[in-house]
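Here's the structure we're looking at; comments come further down.
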Amino acid sequence: MPSSPRIKREDMLQAALEIVIESGYAALNIKAVAGRLGCSTAPISWQFGGMDGLREELIPFAEQYVERTYYSVDNNEVATFEQRGKGTVDLALEKPNLFRFLYMGDRKQLLSTGFEIQNENQDGNSEFSKMAEVLGIPLEQVLDFAMTMMVYTQGMGTLVASGIVTDTKENMYHMLHNTGSIYLKGLGVSDQIIQKLL
């Protein structure tokens, strides 16, 4: 009798991600993943060493999915930053279970050690340095602006994903845009620059 085709690790992670999206983190277990894939629990346990290993690998897999699906690059760093905020709102509205898994304590691992922003990317350049250049304000002010807007956006997403607030996507986009614009004006960025960049 021929052996059954080997199930790929990525397929197992994809099945786990789909379970989290559809039913939430509490529904995730090896038996549920095996059921979705139509296999026994043995290959999943073998691949990940148990449920803890699967959950640990699912976090970066889910983060990559969100990055590909909800975040895009725009024509400048400021517009790209705003687009990330809109992507966060979209994620909370469209896939609240996944938002809760990644950002609301459904997981053990922390995203970071606190309210800090990574100022350099892999090639040594900083998107925030570029934002400071195009906005004409010091880097320290850009970092404060970015952190404030990230906390504001995550707060908005948390209220939406938890079902506490219901609103239209357009209204939430409008709130994000206005809050960011008002903050930048307070830092001395002119209306002309804001309108050109956003």
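Just so you know, these numbers use all the heavy atoms, side chains as well, and skip hydrogens, waters and symmetry mates. Quick note: residue numbers are just sequence positions, from 1.
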Where the side chain of [X] meets the backbone of [Y], is there a donor-acceptor pair that is under 3.5 Å apart?
{"X": "Ser162", "Y": "Leu159", "value": "yes"}
{"X": "Arg55", "Y": "Leu28", "value": "yes"}
{"X": "Arg100", "Y": "Ala161", "value": "yes"}

Intermediate values then yes/no, side-chain contact (heavy atoms from CB on, under 4.5 Å), Glu127 and Thr80: CA-CA 10 Å; Glu127 63 184 274; Thr80 297; 5.8 Å; no
Heavy atoms only: give me the nearest [X]-[Y] pair and the separation to one decimal.
{"X": "Leu197", "Y": "Ala79", "answer": "O-CB, 3.4 Å"}
{"X": "Ala32", "Y": "Ala27", "answer": "CB-O, 3.8 Å"}
{"X": "Ala92", "Y": "Gly157", "answer": "CB-O, 3.5 Å"}
{"X": "Ala15", "Y": "Val33", "answer": "CB-CG1, 4.1 Å"}
{"X": "Ala132", "Y": "Val142", "answer": "CA-CG2, 3.5 Å"}
{"X": "Leu98", "Y": "Ala62", "answer": "CD1-CB, 4.0 Å"}

Counterpart residues, side chain to side chain donor-acceptor pair (under 3.5 Å), relative to [X] (two or more places apart):
{"X": "Asn76", "value": "none"}
{"X": "Ser181", "value": "none"}
{"X": "Thr88", "value": "Tyr71"}

Residue pair Met172, Val160: steps toward the side-chain contact (heavy atoms from CB on, under 4.5 Å) verdict: CA-CA 10 Å; Met172 288 187 281; Val160 170; 3.5 Å; yes
Worked check of side-chain contact (heavy atoms from CB on, under 4.5 Å) between Leu143 and Met147: CA-CA 6 Å; Leu143 293 175; Met147 180 52 65; over 6 Å; no
Determine which pairs satisfy salt bridge (charged side-chain N to carboxylate O under 4.0 Å, His left out) with at least one residue from [range], sequence neighbours left out, and list them in order.
{"range": "residues 152-161", "answer": "none"}
{"range": "residues 31-49", "answer": "Glu18-Arg36, Glu22-Arg36"}
{"range": "residues 75-89", "answer": "Glu67-Arg84"}
{"range": "residues 186-198", "answer": "Lys185-Asp191"}

Qualifying ring pair (Phe, Tyr, Trp, His ring centres under 6.0 Å) pairs, either residue in residues 29-50, two or more places apart: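 Found none.
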Any pair counted as ring pair (Phe, Tyr, Trp, His ring centres under 6.0 Å), so long as it reaches residues 161-181, sequence neighbours left out: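 As it turns out, there is no ring pair (Phe, Tyr, Trp, His ring centres under 6.0 Å) pair with a partner in residues 161-181 once direct neighbours are skipped.
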Can you tell if the side chain of [X] reaches within under 4.5 Å of the side chain of [Y], non-hydrogen atoms only?
{"X": "Leu13", "Y": "Leu17", "result": "no"}
{"X": "Glu10", "Y": "Phe61", "result": "yes"}
{"X": "Tyr65", "Y": "Ile21", "result": "yes"}

What distance separates [X] [atom1] from [Y] [atom2], expressed to the nearest 0.5 Å?
{"X": "Ile19", "Y": "Asn29", "atom1": "CD1", "atom2": "CG", "result": "7.0 Å"}
{"X": "Ile193", "Y": "Leu198", "atom1": "CD1", "atom2": "CG", "result": "11.0 Å"}
{"X": "Leu37", "Y": "Lys8", "atom1": "CG", "atom2": "NZ", "result": "12.5 Å"}
{"X": "Gln141", "Y": "Leu135", "atom1": "CD", "atom2": "CG", "result": "10.0 Å"}
{"X": "Arg6", "Y": "Cys39", "atom1": "CZ", "atom2": "SG", "result": "12.0 Å"}
{"X": "Leu102", "Y": "Leu91", "atom1": "CG", "atom2": "CG", "result": "7.0 Å"}

Partners meeting salt bridge (charged side-chain N to carboxylate O under 4.0 Å, His left out) with Arg9 (sequence neighbours left out):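 Checked Arg9 against salt bridge (charged side-chain N to carboxylate O under 4.0 Å, His left out); matches are Glu57.
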Partner set under salt bridge (charged side-chain N to carboxylate O under 4.0 Å, His left out) for Glu133, not counting sequence neighbours: none
Those residues that, when tested against Tyr183, pass ring pair (Phe, Tyr, Trp, His ring centres under 6.0 Å) (two or more places apart): Phe145
Trace of the side-chain contact (heavy atoms from CB on, under 4.5 Å) decision for Phe99 with Glu94: CA-CA 9 Å; Phe99 185 97; Glu94 296 169 10; over 6 Å; no
Transitive ILVMFWY side-chain link Met149 to Val165, under 4.5 Å: no
